[in-house]
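On a predicted model such as this, the values are computed, not experimentally measured, just so you know. Throughout, protein chains are lettered first and strands after them, A, B, ... in sequence-line order, and every chain is numbered starting at 1.
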Amino acid sequence: KAGVTQTPRYLIKTRGQQVTLSCSPISGHRSVSWYQQTPGQGLQFLFEYFSETQRNKGNFPGRFSGRQFSNSRSEMNVSTLELGDSALYLCATTTWGGEETQYFGPGTRLLVL
Amino acid sequence: GENVEQHPSTLSVQEGDSAVIKCTYSDSASNYFPWYKQELGKRPQLIIDIRSNVGEKKDQRIAVTLNKTAKHFSLHITETQPEDSAVYFCAASGYSSASKIIFGSGTRLSIRP
């Protein structure tokens, strides 16, 4: 099976802009979780989607949003970018969620200038 | 809310020695405890996991122990090798497919030659 893919891999934006990141899960995986990773902050949970519905949400402002399509592909959007949004954004997918192994994508590295 | 604390944040050990990383969790409903390894520039990958009906699990040089009463679990790496150098994340989740998986803040392990 093909692994989890994320596009784009690298992105440079300026403050105030908005950005959309994409995650394609392993075939058959219906749960997609998004994480923000910054140096010293570990993996901060953004949200999880399952069957096109947001099932869990972390403690991020409303500027961070996401959605999932019927083929389980997921997108996350960040509006009104701030310098502090510079980070590696990782998605992870599982079949159902919960106690299953999460398979991570390679991440999208976002730099906000 | 749910929280997972991980210690130490950095750890340096001599090649061949053992390394121990400890985590505590707050949600008593947590039942699944995976450990992920992230090498520099790569995505996190599962190295071992344990479920609450088991107190210890071993896979070659890696072992994990769980104390549900005290709500803490630990990763033990014996006979460390240079390729063990990476950031290690612990995590906790419930059994339910809708359970969030919460990650610790990570431990940067360095193996000294």
Side-chain angles (χ1 to χ4, degrees), chain A residues 2-7 9-10 23-26 28-60 68 72 87-109, chain B residues 1-10 21 23 25-27 29-54 57 59 64 66 73 86-109:
Chain A
V4 180
T5 59
Q6 290 187 247
T7 56
R9 294 292 312 279
Y10 304 92
C23 173
S24 293
I26 292 171
H29 284 198
R30 294 167 61 188
S31 166
V32 178
S33 297
W34 287 91
Y35 298 88
Q36 181 193 67
Q37 186 173 36
T38 54
Q41 292 295 317
L43 292 160
Q44 302 292 311
F45 175 74
L46 281 153
F47 29 64
E48 184 225 357
Y49 284 85
F50 181 79
S51 290
E52 303 178 63
T53 301
Q54 188 181 87
R55 189 162 64 175
N56 282 301
K57 189 177 189 309
N59 298 319
F60 277 80
Q68 186 179 34
S72 295
L88 179 67
Y89 290 88
L90 291 159
C91 73
T93 77
T94 69
T95 309
W96 297 102
E99 62 167 8
E100 293 185 296
T101 299
Q102 294 215 324
Y103 292 89
F104 283 85
T108 294
R109 189 165 295 281
Chain B
E2 309 98 328
N3 186 48
V4 175
E5 293 192 359
Q6 183 172 347
H7 300 281
S9 57
T10 59
I21 302 170
C23 290
Y25 59 97
S26 60
D27 187 356
S30 297
N31 284 294
Y32 174 60
F33 308 92
W35 287 86
Y36 287 81
K37 174 183 180 182
Q38 186 177 25
E39 296 177 80
L40 190 63
K42 296 189 176 180
R43 69 192 78 185
Q45 292 197 308
L46 180 79
I47 54 171
I48 195 167
D49 57 14
I50 190 168
R51 289 171 172 77
S52 63
N53 58 345
V54 175
K57 183 176 178 181
D59 182 3
V64 58
L66 171 65
F73 55 113
V87 177
Y88 292 80
F89 294 96
C90 63
S93 171
Y95 274 145
S96 164
S97 61
S99 297
K100 260 192 306 191
I101 183 164
I102 304 298
F103 283 85
S105 54
T107 295
R108 183 174 298 279
L109 175 63

Part of [X] within contact of chain A (heavy atom distance under 4.5 Å):
X	result
Tyr36(B)	side chain
Arg51(B)	side chain
Pro34(B)	neither
Gln38(B)	side chain
Ile101(B)	both

Taking Ala92(A), Gly107(A), Gly105(A) one by one, which has the highest count of heavy-atom pairs under 4.5 Å against chain B?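 The residue among Ala92(A), Gly107(A), Gly105(A) with the greatest pair count is Gly105(A).
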Does a sphere of radius 6.0 Å around [atom1] in [X] hold more than 12 heavy atoms from other residues, nucleotides or ligands, not counting ones at 6.0 Å or beyond?
X	atom1	answer
Glu52(A)	CD	yes
Asn53(B)	CG	yes
Lys57(A)	NZ	yes
Arg30(A)	CZ	yes

Look up atom NZ in Lys100(B) and atom CZ in Arg55(A), then write down how far apart they are to the nearest 0.5 Å.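 One finds 12.5 Å between NZ of Lys100(B) and CZ of Arg55(A).
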Once rounded to the nearest 0.5 Å, what's the spacing between atom OG1 of Thr101(A) and atom OH of Tyr32(B)?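 Between atom OG1 of Thr101(A) and atom OH of Tyr32(B) there are 4.0 Å.
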Do Gln102(A) and Phe103(B) make a side-chain contact, defined as non-hydrogen atoms from C-beta onward lying under 4.5 Å apart?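 Yes, side chains in contact.
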What part of [X] is in contact with chain B, defined as an atom under 4.5 angstrom from a non-hydrogen atom: side chain, backbone, both or neither?
X	answer
Phe45(A)	side chain
Leu90(A)	side chain
Tyr103(A)	neither

